[in-house]
Protein chains: 2
Amino acid sequence: MQLISRTSEYALRAVIWLVQPPARSQTTRQIATGTRTPPDYIAKVLQSLAKAGLVRSQRGLGGGFQLAGDPAQITVLDVINAVDPLERIHTCPLGLKAHGTNLCPLHCGLNDTALQMEAAFAKTKLADLLNGAMPSIPLGIKLQPDRRSPVPA
Amino acid sequence: MQLISRTSEYALRAVIWLVQPPARSQTTRQIATGTRTPPDYIAKVLQSLAKAGLVRSQRGLGGGFQLAGDPAQITVLDVINAVDPLERIHTCPLGLKAHGTNLCPLHCGLNDTALQMEAAFAKTKLADLLNGAMPSIPLGIKLQPDRRSPVPA
DNA sequence: GCTAAAGCGGATGTCAATGTCCAGTTTGGC
DNA sequence: GCCAAACTGGACATTGACATCCGCTTTAGC
């Protein structure tokens, strides 16, 4: 069981990649290489992020993707919700009349846990994933914007 | 995105069903009907629970399943781990040498969240899902052990 | 010991998430 | 204006979780 879907994971890697300097427009291929994600799939994920307004896309020669907002504002939850929203439990999946609007203890508890998780994701801003509060370097480091410098294997 | 897999959900429903009085041996079919789970699938889930030692199975006429331990001891986490363990992140999925044993900030954070979730699940005992701390009745209520009394639709 | 009720386990089917492919559109540089 | 770089969107392929099927084994009751 995974905490988040692979799609969400890829989306997070992509936006973190875009947050890192130099904040130049990055092509799908650059992002795919830099984040080690399937190129043709990350393309789809980037579409979702663009539709959600988290990234801006630019077509044509010299185009690519850029973060659309402030890294200090955008949260991990924003990113996840853009590509694969985590579902809450609104009605008991058992469809019990007896439970009415309320949830049974089990699903009440599960829902609580989901809310906790959501809160944790909402608290973490993209910017938090950059600076030294954390032990290691975010992903790889993009060096020159044009120099092929994916990530040391 | 679901918090827990359907398999885990089914497993939880099953053990909760078994916790509820009367604590008589319940057949796969009784459990399936009572918890509204696919009969042939819950059978597999029950196998897993049995292998993990959470339930005892009895073959032959009059057989079925019973909870193997103390409802005040068994946790939601125990049940989940028996059928679909939630995975922790031990090494950065990017395979970055730069990160070594450490995780990058992203996966460090995700791992933290996973641990929180695990803690929440570990805190909840099966018995907690029964008594009145919660608003509504656990699942349905099993009335007579033999009387067909699944759950009011 | 025969029979029917019940769990056991392997083989197979289904479906949504993931991943790939390709033709179309936009756009900067010459 | 032409070309090549790049995103866009639809169609298709793959995979693993979920679900079903069926024959085998165990066991209580007669």
Side-chain angles (χ1 to χ4, degrees), chain A residues 1-14 18 24-68 80 82-87 93 145-146 148, chain B residues 1-14 18 24-33 35-68 80 83-87 93 145-146 148:
Chain A
M1 182 71 198
Q2 293 288 334
L3 183 70
I4 60 173
S5 68
R6 219 174 289 194
T7 303
S8 296
E9 159 86 27
Y10 292 166
L12 286 168
R13 288 193 208 173
L18 289 176
R24 293 275 294 279
S25 198
Q26 295 281 311
T27 70
T28 301
R29 198 145 306 269
Q30 285 174 320
I31 297 171
T33 309
T35 61
R36 308 196 155 244
T37 50
D40 289 313
Y41 193 66
I42 197 68
K44 303 289 190 195
V45 176
L46 286 165
Q47 299 298 318
S48 301
L49 291 174
K51 271 174 196 133
L54 289 177
V55 302
R56 254 191 312 271
S57 68
Q58 177 63 39
R59 283 179 158 196
L61 220 174
F65 292 88
Q66 279 181 300
L67 204 67
I80 292 176
V83 296
D84 183 21
L86 29 104
E87 298 171 19
D146 295 324
R148 237 343 103 77
Chain B
M1 181 71 201
Q2 293 289 333
L3 185 69
I4 60 172
S5 67
R6 217 174 292 191
T7 303
S8 295
E9 159 86 26
Y10 292 166
L12 286 167
R13 288 193 208 173
L18 290 177
R24 291 275 293 279
S25 199
Q26 295 281 310
T27 70
T28 300
R29 199 145 305 269
Q30 284 174 320
I31 296 170
T33 308
T35 61
R36 308 195 154 247
T37 50
D40 289 313
Y41 192 66
I42 198 68
K44 302 291 191 193
V45 176
L46 286 165
Q47 299 299 316
S48 301
L49 291 173
K51 271 175 196 133
L54 288 177
V55 302
R56 255 192 311 270
S57 68
Q58 176 64 39
R59 282 180 158 194
L61 219 175
F65 293 88
Q66 278 181 302
L67 203 67
I80 293 177
V83 296
D84 182 21
L86 30 105
E87 298 172 19
D146 295 324
R148 237 344 101 79

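First the proteins, then the strands, lettered A, B, ... as listed; each starts at 1. As a basis for the values below, the full set of heavy atoms in this structure was taken, side chains included, without hydrogen atoms, waters or symmetry mates.
Running 5' to 3' along DNA chain C, contacts with non-hydrogen atoms of chain B at under 4.0 Å begin and end at C:dA5 to C:dG10. Contacts between chain B and DNA chain D, taken as any atom within less than 4.0 angstrom of a protein heavy atom, begin and end at D:dC18 to D:dA28.
Residues meeting the side chain to side chain contact (heavy atoms under 4.5 Å, CB included) test with A:Pro39, sequence neighbours left out: A:Arg29, A:Ala32. Scored by the side chain to side chain donor-acceptor pair (under 3.5 Å) test, B:Gln66 finds no partners at all (sequence neighbours excluded). Taking A:Ser8 as the reference, A:Ser5 meet the side chain to side chain donor-acceptor pair (under 3.5 Å) condition, with sequence neighbours excluded.
Residue pairs meeting the salt bridge (Lys or Arg N to Asp or Glu O under 4.0 Å) criterion with at least one member in residues 4-14 of chain B, sequence neighbours excluded, are B:Glu9-B:Arg13.
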Identify all side-chain donor-acceptor contacts of residues 43-60 of chain B below 3.5 Å with residues at least two apart in sequence or on another chain.
none

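Against DNA chain C, the stretch residues 56-63 of chain A makes heavy-atom approaches under 4.0 Å through A:Gln58, A:Arg59, A:Gly60, A:Leu61. Using a 4.0 Å cut-off on heavy atoms, the residues of residues 38-52 of chain B that approach DNA chain C are B:Lys44, B:Gln47, B:Lys51, listed by number.
Side-chain contact check for B:Thr28 versus B:Phe65: some heavy-atom pair is nearer than 4.5 Å.
One finds the OG atom of B:Ser25 at 8.0 Å from the CD1 atom of B:Ile31 (value rounded to the nearest 0.5 Å).
Pairing each heavy atom of A:Gln26 with each of A:Gln30, the nearest pair is CA-OE1, 3.3 Å. The two residues A:Ile80 and A:Leu12 come nearest to each other via the heavy atoms CG1-CD1, 4.4 Å.
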